[in-house]
J.: 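I am attaching a structure below and will ask some questions about it afterwards.
Keep in mind that this is a model prediction, so the values were computed, not measured. Computed over heavy atoms, backbone and side chain alike; hydrogens, waters and symmetry mates excluded.
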Amino acid sequence: MIVRGIAAVLVFWWVATGLIIAMQRAGWTRVSALIVATMLAVYGFWELRASANDDSAVGARRSFIGGALLWGWVSVTFYGGFLTGFHVEARGVPAPAWELVLPAIQSTLLSDFAALLLMGAVALLLHGDRNRTGLWGLIVFWGVQQIAKLNVFFGVENPAGNFLPPHLAYLRQFFGPLKNSWLLPTSVVLLTIATAVVVWRLRRAPTEGQRQAGVLYATILALAVLEIIVLGIPLETTPWDSFLKARGH
């Protein structure tokens with residue numbers, strides 16, 4: 001049960017991230033990715049509803065997959081440039097600066113608003129049901145993304161600007177200096193504590209489904225800890241280099 005849960009998160013994290021990167025190669029590939037992601041999101045809603053009252057380990061994984069597919073749609077619409085935010089040019093002021101806080105929020109406002117709307121829709125869909133693993137998974141995905149964005153804004157040694165496709169290059173104006181701020185170690189400590197708390201709670205969970213859900217949440221949080229640490233280390237290679245090469249730039 002634990003191995004399957006961890007494997008589900010790892011496979012989704014690596015494959016989904018890589019495909020989203022690679023599909024930014026051209027206009028037609030971005031549109032194709034949007035079509036596929038939208039179809040998968042519809043299927044994700046179906047999985048969430050179908051597993052809503054299944055509190056087994058399988059039900060928890062199905063619900064998680066449903067939420068993960070919705071998060072995939074949010075990522076595709078953002079990286080494809082379909083649903084990002086307002087393109088604001090804040091020239092002459094390097095990040096981090098108070099003058100850039102509002103423009104930085106505006107630059108991803110539509111994507112964040114779409115994610116919040118999806119969370120609200122899923123909360124309504126699963127209201128009163130026993131299995132809401134997908135909803136909490138969606139919330140965790142969004143939450144750790146916000147932490148990563150804040151770290152990049154305040155400054156990290158490895159902001160991974162090469163992950164941004166050309167049509168999102170304007171976001172680099174919100175990247176802080178190439179040195180680690182106080183927020184990076186703080187984020188690592190807080191996320192590690194959150195991971196430990198989830199692991200402790202899952203050991204005391206009364207049902208198989210709740211224990212499996214805890215494994216899924218803990219794995220996402222552990223990967224978030226790893227990603228934040230990587231942001232603070234100037235690495236020349238990443239697990240997604242083959243996908244970057246497929247993107248072509």
Side-chain angles (χ1 to χ4, degrees), residues 12-13 16-24 27 30-31 33-34 37-38 41 44 67-123 135 137-156 158-178 181 183-184 186-187 190-191 220-221 223-224 227-228 230-232 238 240 243-244 247:
F12 175 80
W13 172 69
T17 302
L19 289 176
I20 290 169
I21 292 170
M23 293 301 282
Q24 307 312 308
R30 292 200 297 273
V31 172
L34 176 63
T38 301
L69 290 176
L70 295 184
W71 182 248
W73 181 85
V74 172
S75 299
V76 168
T77 55
F78 176 76
Y79 282 99
F82 301 105
L83 200 61
T84 54
F86 302 98
H87 189 154
V88 180
E89 290 289 345
R91 299 175 182 173
V93 183
W98 283 110
E99 294 90 336
L100 287 180
V101 171
L102 183 58
I105 293 172
Q106 291 174 325
S107 68
T108 61
L109 185 63
L110 297 180
S111 180
D112 287 328
F113 184 63
L116 292 172
L117 278 180
L118 280 178
M119 291 180 215
V122 174
L135 170 62
L138 190 57
I139 291 171
V140 174
F141 275 124
W142 183 80
V144 297
Q145 184 199 57
Q146 305 313 304
I147 293 173
K149 285 161 60 176
L150 282 171
N151 273 279
V152 170
F153 180 76
F154 278 95
V156 291
N158 180 24
N162 59 321
F163 277 51
L164 291 176
H167 52 273
L168 294 182
Y170 69 94
L171 292 175
R172 295 186 184 184
Q173 67 184 311
F174 304 117
F175 286 22
L178 295 178
S181 75
L183 184 59
L184 189 139
T186 304
S187 300
L190 292 177
L191 285 169
I220 298 172
L221 290 168
L223 286 173
E227 286 190 352
I228 298 299
V230 168
L231 285 176
T238 74
W240 298 280
F243 293 103
L244 286 168
R247 190 180 74 185

J.: Could you tell me which residues satisfy side-chain contact (heavy atoms from CB on, under 4.5 Å) with L102, sequence neighbours excluded, listed by chain and number?
T.: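 Partners of L102 by the side-chain contact (heavy atoms from CB on, under 4.5 Å) criterion, ordered by chain and then number, come out as Q106.
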J.: D112: what forms a side chain to side chain donor-acceptor pair (under 3.5 Å) with it, not counting sequence neighbours?
T.: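 Applying side chain to side chain donor-acceptor pair (under 3.5 Å) to D112 gives T108, W142, Q146, K149.
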J.: In chain order, what residues pass the ring pair (Phe, Tyr, Trp, His ring centres under 6.0 Å) check against H167, with sequence neighbours excluded?
T.: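 Partners of H167 under the ring pair (Phe, Tyr, Trp, His ring centres under 6.0 Å) test: none.
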J.: Could you pull out all residues at least two apart from L117 that satisfy side-chain contact (heavy atoms from CB on, under 4.5 Å)?
T.: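 In terms of side-chain contact (heavy atoms from CB on, under 4.5 Å), with neighbours along the sequence ignored, L117 is linked to F113.
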J.: To the nearest 0.5 Å, what is the distance between CG (L116) and CD1 (I139)?
T.: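 Reported to 0.5 Å precision, the distance equals 9.5 Å.
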J.: Mind running side chain to side chain contact (heavy atoms under 4.5 Å, CB included) on V152 and F174 for me, showing each step along the way?
T.: CA-CA 8 Å; V152 170; F174 304 117; over 6 Å; no
J.: Taking distance alone, no hydrogens or angles, what donor-acceptor pairs closer than 3.5 Å link side-chain atoms of residues 73-82 to residues at least two apart or in another chain?
T.:
from : atom 1 : to  : atom 2 : distance (Å)
W73  : NE1    : T38 : OG1    : 3.2
S75  : OG     : W71 : O      : 3.2
T77  : OG1    : W73 : O      : 3.1
T77  : OG1    : V74 : O      : 2.8

J.: To the nearest 0.5 Å, what is the distance between CG on L221 and CD1 on I147?
T.: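 Answer rounded to 0.5 Å: 8.5 Å.
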J.: Decide yes or no on side chain to side chain contact (heavy atoms under 4.5 Å, CB included) for L231 and E227, but give the supporting numbers first.
T.: CA-CA 6 Å; L231 285 176; E227 286 190 352; 5.8 Å; no
J.: Can you sort out the partners of L190 under side-chain contact (heavy atoms from CB on, under 4.5 Å), two or more places apart, ordered by chain and number?
T.: T186
J.: To the nearest 0.5 Å, tell me how far N158 CG sits from N151 CG.
T.: 12.0 Å
J.: Taking atom CG of L83 and atom CG of L109, what is their separation to the nearest 0.5 Å?
T.: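 Atom-to-atom, L83:CG and L109:CG are 10.0 Å apart.
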J.: When rounded to the nearest 0.5 angstrom, what distance separates CG in L164 from CD1 in I21?
T.: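 It is 10.0 Å, given to the nearest 0.5 Å.
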